Every structure is written in structure tokens, then in C-alpha cells.
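What follows is a single structure, written as C-alpha cells, with notes after it.
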2 protein chains.
Amino acid sequence: MATRGRPRTFDPDTALRQALDLFWERGYEGTSLSDLAQALGIASASIYACFGSKEDLFRKVMALYGTTSGEPPRRALREQPTARAAIHAMLRATADEITRPDAPHYCMLVLAAPTGAVENHAVREFLAGLRHDQLTAIGDRLARGLADGDLTAPPAGLDAVARYYTTVVQGLSVQARDGATRAELEEVITCAMAAWDTLTCAPARPVFMEDSAESPR
Amino acid sequence: MATRGRPRTFDPDTALRQALDLFWERGYEGTSLSDLAQALGIASASIYACFGSKEDLFRKVMALYGTTSGEPPRRALREQPTARAAIHAMLRATADEITRPDAPHYCMLVLAAPTGAVENHAVREFLAGLRHDQLTAIGDRLARGLADGDLTAPPAGLDAVARYYTTVVQGLSVQARDGATRAELEEVITCAMAAWDTLTCAPARPVFMEDSAESPR
DNA sequence: TCCTTTGTTTATCGAACGACAAACAAACCG
DNA sequence: CGGTTTGTTTGTCGTTCGATAAACAAAGGA
């Protein structure tokens with residue numbers, strides 16, 4: 001199909017990336033269309049023409065966020081050989097992502113729109129759905145460990161353990177937001193992994209014997 | 001001193017409580033002065049006369065929040081005999097507070113204003129300060145356990161353990177916000193406490209032997 | 001070349017924002 | 001009772017919100 005009409009003067013991918021940066025810095029409601037227009041270097045009408053509404057833009061932004069910042073933790077879950085290594089590496093990859101010096105120190109999934117005006121209810125539930133996917137992904141990885149034989153059924157329940165590590169991930173975001181360093185997050189992760197052996201009836205290992213050689217991503 | 005001039009037609013304490021309910025439901029930026037005026041049944045000018053600015057009102061609201069919803073977890077830390085029981089009871093009291101049927105399911109400290117517009121930076125840092133007090137309170141309680149002799153110095157570091165349980169508390173808020181039930185939070189707390197014995201070099205106890213008779217508040 | 005198609009700019013919409021000044025209402029003091 | 005003090009209401013300030021219509025600009029097709 002031929003390209004008709006006047007071509008765009010801006011690159012939608014670049015613009016989406018710039019929109020991501022702004023939404024990341026200020027959250028959904030904290031970012032206005034004026035802010036976006038200024039940051040993207042185009043008029044707000046062009047944003048509407050290219051991306052639809054503010055909410056549509058935000059959803060596209062979150063999709064990009066998922067394939068960039070969200071990928072390392074997801075890959076950790078996918079590629080590590082055991083459930084234990086996968087959870088540990090996932091936590092570390094998360095800590096890496098939320099303490100990058102060139103980006104805001106928190107996960108957008110968790111803090112971009114937890115509360116807000118009534119009219120933005122749909123956006124909040126959209127993010128809540130993505131967070132639920134997180135929980136599911138962790139639960140699925142534990143189930144795979146069960147199938148692979150590297151994990152015995154935890155007495156507390158597999159869902160409970162999955163929700164527990166999801167809770168830790170989400171708590172890490174608040175910690176990073178409040179200025180915790182990468183090293184401090186690593187300590188928290190060490191503590192969180194200390195629960196693993198008790199939860200999974202594995203032989204306990206003292207914290208100073210933690211497998212720190214595991215790849216963080 | 002005599003009461004001069006026209007007396008108030010509304011009760012400031014009642015109004016503050018109503019403002020708390022509204023800020024709790026929608027967060028700081030999500031609540032407008034029009035919303036507040038309507039909920040309190042008075043004009044916005046009366047709010048300014050009585051409470052100052054929106055930010056002043058929010059700070060007073062958070063003080064009330066601290067003495068009401070914040071008290072049970074704080075009391076748990078204070079009154080439980082051992083560090084372990086204190087942390088466990090504090091987590092349970094938190095779970096109780098953030099799943100009450102008559103209030104929003106999350107902690108205002110954590111989710112009322114984690115991100116937002118640049119002009120509300122002061123409010124966010126105010127809340128961050130209160131969250132840091134949380135961390136300090138938990139750290140102090142662990143130190144007391146050390147002094148009382150019911151806790152041996154954790155290899156991971158006392159600060160690390162304090163930050164870990166702070167992270168769990170904050171993660172619980174996100175879980176509750178996303179619809180987790182009180183029972184599900186209890187499971188998460190059980191998992192979080194499973195780390196305790198490993199962290200503190202105490203003899204490990206299986207999760208199914210958890211001291212469920214500890215007072216939740 | 002001229003028309004169609006598409007993108008961008010400009011201007012603006014109505015509504016809501018936080019905040020306040022002035023006018024009005026109700027209490028106490030003498 | 002009049003005068004003072006204080007609280008509340010009314011109206012509105014200038015700004016910003018998300019969103020859009022109309023005018024203008026630049027490309028391809030015939």
C-alpha cells in the first residue's frame with residue numbers, strides 16, 4: 001500500500017518512549033497533556049491523532065514498558081533452571097530495574113496509579129490486571145518447579161508462596177521510591193529468600209551461604 | 001478566654017474524619033476541594049478558614065490517620081513481649097487495618113501519593129518521611145529484642161531485617177488494594193515469618209507449627 | 001498541475017482546578 | 001441596643017484540564 005498524504009514529522013516510537021519517561025516520572029494523573037506535548041515536541045492534537053486519548057496512550061506506554069523494563073524479571077523466571085533460582089533472579093532483576101540511575105526508582109506497574117480520581121478507575125484496574133499477571137507468572141513458575149522436580153509442594157500452599165514473593169516485589173518498589181539503594185534492596189532480597197527453605201522444606205541454608213553467584217538476570 | 005464571634009456550624013473533628021475518608025478513597029491528588037466541600041457539607045472557603053490549604057488539611061488528616069488506623073500496628077510493636085511476636089503481631093494488625101470492610105483496602109501512608117504532579121512534591125516527601133518512621137520503629141523494636149535478649153544479632157544485619165519487614169508491610173498494601181482477602185494476607189504473613197528463624201539463627205519451626213495463638217493486635 | 005489525503009498547528013471548547021475577597025449572618029460585649 | 005468579632009456564603013479570580021474543530025501545510029496520484 002502506498003503512503004498517501006503528508007508524512008509524520010515525528011517518530012511514533014520515539015514519542016512513545018518520551019511519553020513513557022514522563023508517565024514514569026509523574027504517574028498517570030500527574031502527567032498532563034500539556035506536559036506530554038511539550039516533552040514530545042508536538043501539539044496535543046497530534047498526540048490525539050496518533051495515539052488516541054490520554055488513556056490509550058498510557059496503555060501503549062505500559063505495553064512498551066512491559067517489553068523493556070519488564071522483560072529482565074520475566075526472563076529470569078523463564079530461563080533459570082530451578083524455581084528457587086528463578087525467584088531469586090527475578091527479585092534481583094527487579095531490583096536492578098528499579099534502581100537504574102537513568103530512570104525513576106520504582107515500578108510503574110505498582111506506583112503509576114494506585115489511587116486517584118474516580119474518573120480514572122479504568123486505568124487503575126488496568127494496572128491491577130497487569131499486577132495480577134505478575135502473580136500468575138510467579139505462580140506458574142513455582143508450578144513448573146513442582147513439575148520439574150526441583151521443588152516439593154510447600155506446606156503453606158503454592159499460591160501462598162507465589163503471593164508472598166509478589167508482595168515482596170511490590171514492596172521493593174516502595175522502598176526504591178523512598179531512596180533505598182541497590183545494595184539495601186539486595187539485603188531485603190536475601191531476607192526474603194531466607195524464607196524459601198523453610199517454606200519448601202528444603203534443608204536450611206544460613207544466609208551467609210546464599211548462592212550469590214546466581215546470575216541477577 | 002470567652003468565645004467571641006459567630007461559632008462554627010460544623011464540628012472540625014467530624015469534618016477532619018470525613019476528609020480522611022475522602023482522601024483515603026481517592027488519594028491526595030484524586031481528591032479535589034470541590035469533592036471535600038461537598039462531602040463535608042460546607043463551602044471551600046470554610047475549609048480554608050478552618051484548616052488552611054489543601055496540603056495543610058491533608059497533613060492534619062494524616063495525623064488523625066496515624067492515631068487511628070496506625071495505632072494497632074504500633075501498639076503491637078510496643079506491647080508484644082518478644083521481637084518475633086511483635087513483628088508478627090504488627091504484620092497481622094496491618095492486615096486487619098487494610099482489609100476492614102468499612103474502609104478502603106490499603107494503607108494511606110503507602111498509596112495516597114507515591115507519584116504525581118511536580119507541584120505536589122512536598123506532599124510525597126511528607127509521606128515518604130512517615131514511611132521512614134515506620135522503618136525506624138521496626139528497627140527500634142528489633143534493637144529492643146536484642147537488648148531484652150530474646151533476639152540474637154542477625155547475620156544479615158539488623159537494619160536489613162527491619163527493611164525487609166517494612167518491605168513486606170508496604171507490599172501488603174498493594175495486595176489489599178488489588179483485592180487480596182484477609183486470609184490471603186495471613187498466608188503472606190506466614191511466609192514472611194518463615195524467614196525469621198533462618199534470619200535470626202533460631203531453631204527452625206515448620207510453618208504448620210506457627211504460633212497462630214499470638215494476638216493479632 | 002490540481003485534487004485528494006493526511007499531518008500539524010492554532011485557537012478554543014466547557015469544565016474543573018486551588019484559592020481568595022467581599023458580602024452576609026450570627027454570636028458576644030458593653 | 002449598637003458595635004465588634006468571627007464564621008459562612010457567594011461569586012469569581014486566573015489557570016489548567018482533556019479534548020476537538022477548523023485552518024493550514026505537505027506529500028502522492030492522476
Side-chain angles (χ1 to χ4, degrees), chain A residues 1-16 18-19 22-23 25-61 112-113 115-124 126, chain B residues 1-16 18-19 22-23 25-61 112-113 115-124 126:
Chain A
M1 67 181 279
T3 65
R4 295 281 284 274
R6 174 178 175 176
R8 279 213 177 78
T9 59
F10 66 94
D11 175 22
D13 291 336
T14 306
L16 201 62
Q18 291 168 323
L22 208 59
F23 274 125
E25 183 188 324
R26 309 182 184 179
Y28 179 73
E29 293 192 0
T31 308
S32 73
L33 275 176
S34 308
D35 296 337
L36 288 165
Q38 186 177 355
L40 273 57
I42 56 179
S44 68
S46 298
I47 297 179
Y48 279 92
C50 183
F51 300 106
S53 66
K54 181 187 179 185
E55 180 175 337
D56 290 338
L57 172 58
F58 183 70
R59 288 172 186 260
K60 292 183 173 78
V61 156
T115 63
V118 280
E119 66 261 29
N120 294 319
H121 178 258
V123 172
R124 287 191 293 279
F126 166 65
Chain B
M1 62 181 277
T3 66
R4 296 282 284 273
R6 174 177 175 176
R8 277 210 179 80
T9 60
F10 66 93
D11 176 22
D13 291 336
T14 305
L16 201 62
Q18 291 169 324
L22 208 60
F23 274 126
E25 183 188 325
R26 309 183 184 180
Y28 179 72
E29 292 191 1
T31 308
S32 74
L33 275 177
S34 309
D35 296 336
L36 288 165
Q38 186 177 353
L40 273 56
I42 56 180
S44 69
S46 299
I47 298 179
Y48 279 93
C50 183
F51 300 107
S53 67
K54 181 187 180 183
E55 180 176 336
D56 291 337
L57 172 59
F58 183 72
R59 287 173 186 259
K60 292 182 174 77
V61 156
T115 63
V118 280
E119 65 261 30
N120 295 317
H121 178 258
V123 171
R124 287 192 293 279
F126 166 64

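This structure is a prediction, so every number in the text was calculated from the model and none was measured. Naming convention: chains lettered A, B, ... in sequence-line order (proteins, then strands); numbering from 1 in each chain.
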Open item on the list: I want to check one thing: is the phosphate of D/dT20, taken as OP1 and OP2, less than 4.0 Å away from some side-chain N or O of A/Ser44?
Closed with: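 Answer no for this pair, as no side-chain N or O of A/Ser44 is under 4.0 Å from OP1 or OP2.
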Open item on the list: Quick check on D/dT9: is either OP1 or OP2 less than 4.0 Å from any side-chain nitrogen or oxygen of B/Ser46?
Closed with: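 Affirmative; the distance criterion is met.
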Rounded to whole Å, please give me the gap between [atom1] in [X] and [atom2] in [N].
{"X": "A/Lys54", "N": "D/dT16", "atom1": "NZ", "atom2": "P", "result": "15 Å"}
{"X": "A/Gln38", "N": "D/dC17", "atom1": "CD", "atom2": "P", "result": "11 Å"}
{"X": "B/Asn120", "N": "D/dT16", "atom1": "CG", "atom2": "P", "result": "14 Å"}
{"X": "B/Phe51", "N": "C/dC20", "atom1": "CZ", "atom2": "P", "result": "16 Å"}
{"X": "A/Arg8", "N": "D/dA27", "atom1": "CZ", "atom2": "P", "result": "15 Å"}
{"X": "B/Asp56", "N": "C/dA19", "atom1": "CG", "atom2": "C1'", "result": "13 Å"}
{"X": "A/Leu40", "N": "C/dT9", "atom1": "CG", "atom2": "P", "result": "12 Å"}
{"X": "B/Tyr28", "N": "C/dC17", "atom1": "OH", "atom2": "P", "result": "13 Å"}

Kindly indicate whether the side chain of [X], heavy atoms from C-beta on, has any atom under 4.5 Å from the side chain of [Y].
{"X": "B/Leu16", "Y": "B/Phe51", "value": "yes"}
{"X": "A/Leu40", "Y": "A/Thr14", "value": "no"}
{"X": "B/Tyr28", "Y": "A/Thr115", "value": "no"}

- [ ] Considering non-hydrogen atoms only, spot the tightest contact between B/Val61 and B/Ala19 and give its length.
- [x]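 Where B/Val61 meets B/Ala19 most closely, the heavy atoms are CG2-CB, 3.8 Å.
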Listed nucleotide nearest any side-chain atom of [X], set [options]:
{"X": "B/Ser34", "options": "C/dC17, C/dT8, D/dG18", "value": "C/dC17"}
{"X": "B/Ser32", "options": "C/dA19, D/dT9, C/dC17", "value": "C/dC17"}
{"X": "A/Pro7", "options": "D/dA19, D/dA27, C/dT8", "value": "D/dA27"}
{"X": "A/Ala45", "options": "C/dC20, C/dT10, C/dC17", "value": "C/dT10"}
{"X": "A/Thr9", "options": "C/dT8, D/dG18, C/dG18", "value": "C/dT8"}
{"X": "A/Tyr48", "options": "C/dC17, D/dG18, C/dC20", "value": "D/dG18"}

Task: 5'-most by nearest nucleotide on DNA chain C - A/Ala43 or B/Glu29 - done: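 This one resolves to A/Ala43.
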Task: A/Glu29 side chain vs B/Glu29 backbone, donor-acceptor pair below 3.5 Å - done: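 Not at all, since once roles are kept as given, no pair shorter than 3.5 Å links the two residues.
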- [ ] Please confirm whether the backbone N or O of B/Val123 pairs with a side-chain atom of B/Arg59, one donor and one acceptor, at under 3.5 Å?
- [x]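 Checked: no pair found.
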Task: Within 6.0 angstrom of B/Glu55 CD, more than 12 heavy atoms from elsewhere - done: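 Yes, enclosed.
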Dump the pairs, protein N or O against N or O of nucleotides 1-6 of chain D, anything under 3.5 Å, distances to one decimal.
{"from": "D/dT6", "atom 1": "O2", "to": "B/Arg6", "atom 2": "N", "distance (Å)": "3.4"}

